[in-house]
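What you see is a predicted model; the values in this text were computed from it and never measured. Atoms within each ligand, like the ligands themselves, are counted from 1 in listed order.
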Amino acid sequence: MKLTVTSVEIKNIKANALVLFLPKINSSKIDYFQDLPLFLKKKIELLKSSKQLPEKSNEILSLFTFDESKFEKLIIVGLGETKNINSEIIRRAASLAAKTAQDFKSIKLAFYLNKQLLSSDTQLNFVSKISQSITEGVMLGTYNYNKYKTSKKKASIQETIFKVDKKFQNEVLIGSQIGRKISSATILARDLANAPGNEIYPETLAQAIQNSAKLYNFSATILKKDQIEKLGMGGIIAVSKGSSKPPFFAILEYGKDFIKSGTTVLVGKGVTFDSGGISIKPSASMSEMKMDMSGAAAVIGTFKSIATLKLKTHVVGLIPMVENMPGGNSLKPGDIIRHHNKKTSEVDNTDAEGRLILADSLSYASKYKPKVVIDLATLTGACVVALGHHATGMMGNDQNTMNELSKAGDETYERVWQLPFYEEYESQIKSDVADVKNVGGRWAGAITAGLFLKKFIGKYNWVHLDIAGTAILEEKSYYSPKGGSGVGVRLLTEYLMNKNK
Ligand code: BES
Ligand code: ZN
Ligand code: ZN
């Protein structure tokens with residue numbers, strides 16, 4: 001998508017649709033749009049007097065325009081009270097506008113950011129945040145996964161134009177470029193998650209990682225089955241046994257030059273399809289489990305985002321990739337596995353496979369002497385039961401990083417919610433025959449899964465994010481589609497950018 005920032009007069013802008021954002025105005029007279037051209041001002045006065053102007057946030061009015069205008073459409077979106085305006089309200093408003101424009105096949109969309117909006121007293125600290133949020137709303141809101149649709153498709157927005165006062169031009173441009181990089185990385189994560197299991201399996205996911213590494217300038221090393229075996233990663237090998245597709249393990253690295261200021265390791269669950277294995281899942285909604293590599297997708301997307309933004313920070317990504325299938329050679333309930341750190345686990349349920357491959361990966365992470373390790377995994381249905389689709393479950397041993405992630409979550413609206421991580425829950429995963437058991441019974445399943453992982457971490461600060469509910473969406477809303485949400489990319493990018501400041 002092309003981004004243009006301009007200060008020319010509205011009548012000289014070439015776009016199919018013009019978008020105006022309108023906060024709630026208390027006075028009866030609108031001077032809000034004082035710098036609008038007369039014909040638009042008149043129109044708005046008219047709408048105001050007939051009480052048709054949208055003012056609440058997410059209210060939208062779209063009109064075919066009239067004589068003097070070259071725009072086919074005028075789209076007005078309400079923002080609500082000025083003091084409540086934040087980046088989420090802007091993202092939602094922009095996505096509403098963009099979706100409306102898309103329905104009318106408008107491919108060039110102009111946002112008029114008037115002085116009053118850019119200098120009013122909102123919760124947005126920077127003008128650049130407004131254009132970042134608008135770009136995110138447009139790109140993420142008009143996304144749909146249509147690769148396999150033979151007859152396409154909705155029109156895509158090819159150009160977003162920002163009409164601003166000269167003094168804001170530079171900041172608006174910077175913000176919109178940040179927004180475009182982060183959105184396109186989120187879209188990569190969505191595309192990977194939404195891709196079917198016959199397209200994305202461990203080998204092809206590894207190839208996708210290598211492609212991204214080349215395109216966006218980070219490094220990727222792919223370990224094959226024999227190397228995984230040699231490293232003693234018994235969990236990854238065990239889970240892959242039922243599948244005809246061999247496992248892979250990817251190591252991504254960005255920003256080696258900044259190693260002195262500490263390393264962040266990101267670990268992503270890469271189960272390309274989770275049938276449950278011998279403990280097979282019911283067939284209803286089993287197809288969703290093509291998205292059981294959403295943790296991996298979030299890590300890959302985050303690498304794209306931080307590499308294109310050129311953040312000054314050292315990040316390592318670890319991605320174990322397997323397909324979990326039943327078969328004559330499958331892992332079975334009762335089997336005992338030895339993991340990378342030599343600890344053993346008893347497999348009581350082959351559908352609790354994510355923790356088995358993450359155990360090896362978390363243990364391997366010690367090698368990088370990381371300052372912090374963050375793992376992302378569609379780990380438990382229990383987390384979806386607890387939190388639904390609007391919050392990621394968070395636990396770990398490092399309150400400081402959890403607080404930073406909370407803050408990044410509130411800003412990006414990829415919100416996280418900390419779960420209790422009491423040691424009393426640990427008795428549920430005690431095994432009679434091995435060091436730990438891979439399931440903890442009916443209660444607090446998200447927490448016992450986290451406590452299983454904790455047995456395999458090294459001496460480092462660690463946070464576990466259970467994205468089972470937030471990565472896989474049952475319905476679309478605002479700028480999130482049904483299916484893969486790409487959750488994690490915006491959260492981690494924001495978190496890493498904040499640390500970078
Ligand atoms: N991938 C699933 C978790 C999941 C469920 C993700 C629904 C997204 C939506 C995971 O591997 C799994 O099957 N977990 C089991 C664990 C149980 C056997 C202890 C679960 O949650 O049912
Ligand atoms: Zn499973
Ligand atoms: Zn799974």
Side-chain angles (χ1 to χ4, degrees), residues 193-194 197 200-202 205 235-236 238-243 247 267-298 319-326 330-335 345-359 361 375-393 419 425 428-431 436-453 464-475 482-488:
N194 287 324
I200 289 286
Y201 43 91
L205 185 54
I236 299 174
V239 176
S240 76
K241 281 195 326 184
S243 170
V267 181
K269 172 176 172 180
V271 176
T272 59
F273 184 70
D274 181 12
S275 69
I278 294 297
S279 315
I280 197 163
K281 286 180 181 294
S283 51
S285 68
M286 194 199 271
S287 65
E288 279 184 1
M289 288 297 113
K290 68 182 174 189
M291 292 179 270
D292 208 18
M293 32 57 71
S294 295
I319 303 181
M321 291 167 282
V322 294
E323 187 182 60
N324 186 23
M325 296 291 269
S330 279
L331 175 69
K332 306 175 293 299
D335 286 359
S345 69
E346 177 192 1
V347 178
D348 200 38
N349 188 317
T350 64
D351 196 12
E353 83 298 337
R355 62 197 79 183
L356 300 176
I357 67 170
L358 291 173
S361 312
D375 77 74
L376 298 98
T378 45
L379 202 64
T380 66
C383 191
V384 192
V385 173
L387 301 176
H389 296 284
H390 303 293
T392 290
L419 299 176
Y425 292 105
Q428 290 175 234
I429 52 170
K430 248 178 76 95
S431 166
V436 63
K437 189 170 67 173
N438 84 330
V439 292
R442 185 142 179 225
W443 312 120
I447 298 166
T448 52
L451 286 167
F452 179 96
L453 299 180
H464 160 57
L465 298 173
D466 192 332
I467 56 171
T470 48
I472 304 172
L473 303 177
E474 285 167 357
E475 299 169 41
K482 184 180 171 189
S485 69
V487 75

Here the N/O/S atom of D292 closest to the Zn ion (ligand 3) would be OD2
Counting heavy atoms under 4.0 Å, the part of M293 that contacts ligand 1 is neither
With heavy-atom distances below 4.5 Å as the criterion, would you say the side chains of D351 and E353 are in contact?
yes
OD1 (D351) to the Zn ion (ligand 2) to OE1 (E353), nearest 10°, is 120°
re atom 16 (C) of ligand 1, the protein heavy-atom contact at minimum distance is R355 NH2, 3.8 Å
Please tell me if the side chains of M289 and S275 come closer than 4.5 Å, counting only heavy atoms from C-beta onward. no
Please indicate whether any nitrogen or oxygen in K269 is less than 3.5 Å from any nitrogen or oxygen in ligand 1. yes
Nearest heavy-atom contact between G242 and S330 is CA-OG, 3.1 Å
**Item:** S345 side chain to N438 side chain, donor-acceptor N/O pair below 3.5 angstrom
**Value:** no
Of all heavy-atom pairs linking L358 and A377, the shortest is CD1-CB, 3.7 Å
Among non-hydrogen protein atoms, atom 2 (C) of ligand 1 lies closest to D274 OD2, 3.6 Å
Minimal heavy-atom distance between P202 and E323, with the atoms involved, is CG-N, 3.9 Å
Worksheet item: Do we see a donor-acceptor contact under 3.5 Å between the side chains of S294 and T378?
Response: no
Here the atoms of ligand 1 under 4.0 Å from any heavy atom belonging to A468 are 6 (C), 8 (C)
**Message:** Please check: side-chain N/O of N194 versus main-chain N/O of G484, any donor-acceptor pairing under 3.5 Å?
**Reply:** yes
Quiz item: Just distances here: any N/O of T380 and N/O of ligand 1 closer than 3.5 Å?
Solution: no
Counting heavy atoms under 4.0 Å, the part of L379 that contacts ligand 1 is backbone
Here the atoms of ligand 1 under 4.0 Å from any heavy atom belonging to E353 are 11 (O)
Quiz item: Any N or O on D292 sitting closer than 3.5 Å to an N or O of ligand 1?
Solution: yes
Find out whether L379 and L453 are in side-chain contact, i.e. whether some heavy atom of one side chain is under 4.5 Å from a heavy atom of the other.
yes
Quick look: D351 vs ligand 1, heavy-atom contacts under 4.0 Å, and the answer is both
Numbered in order shown, the ligand 1 atoms found under 4.0 Å of a heavy atom of N349 are 18 (C)
Any N/O/S atom of V271 sitting less than 2.8 Å from the Zn ion (ligand 3), backbone or side chain? no
- prompt: Does a side-chain heavy-atom distance below 4.5 Å link M293 with M321?
  reply: no
Tested for side-chain hydrogen bond (donor to acceptor under 3.5 Å, both in side chains) against K269, the lone hit among D292, D466, D375 is D292
Short version for E288: what comes under 4.0 Å of ligand 1, heavy atoms counted, is neither
Honestly, for M291 the part within reach of ligand 1 (heavy atoms, under 4.0 Å) is neither
For atom 9 (C) of ligand 1, the closest protein heavy atom turns out to be M289 CE, 3.5 Å
One finds that the ligand 1 atoms under 4.0 Å from a non-hydrogen atom of K281 are 2 (C), 12 (C), 13 (O)
Taken to the nearest 0.5 Å, the spacing of L465 CG from T470 OG1 works out to 8.5 Å
D274 OD2 to K269 NZ via the Zn ion (ligand 3), rounded to 10°, gives 170°
min-distance protein heavy atom vs atom 19 (C) of ligand 1 -> V439 CG1, 3.4 Å
If we only count heavy atoms from C-beta on, is the T350 to P333 side-chain gap below 4.5 Å? yes
the protein heavy atom lying closest to atom 21 (O) of ligand 1 turns out to be G381 N, 2.6 Å
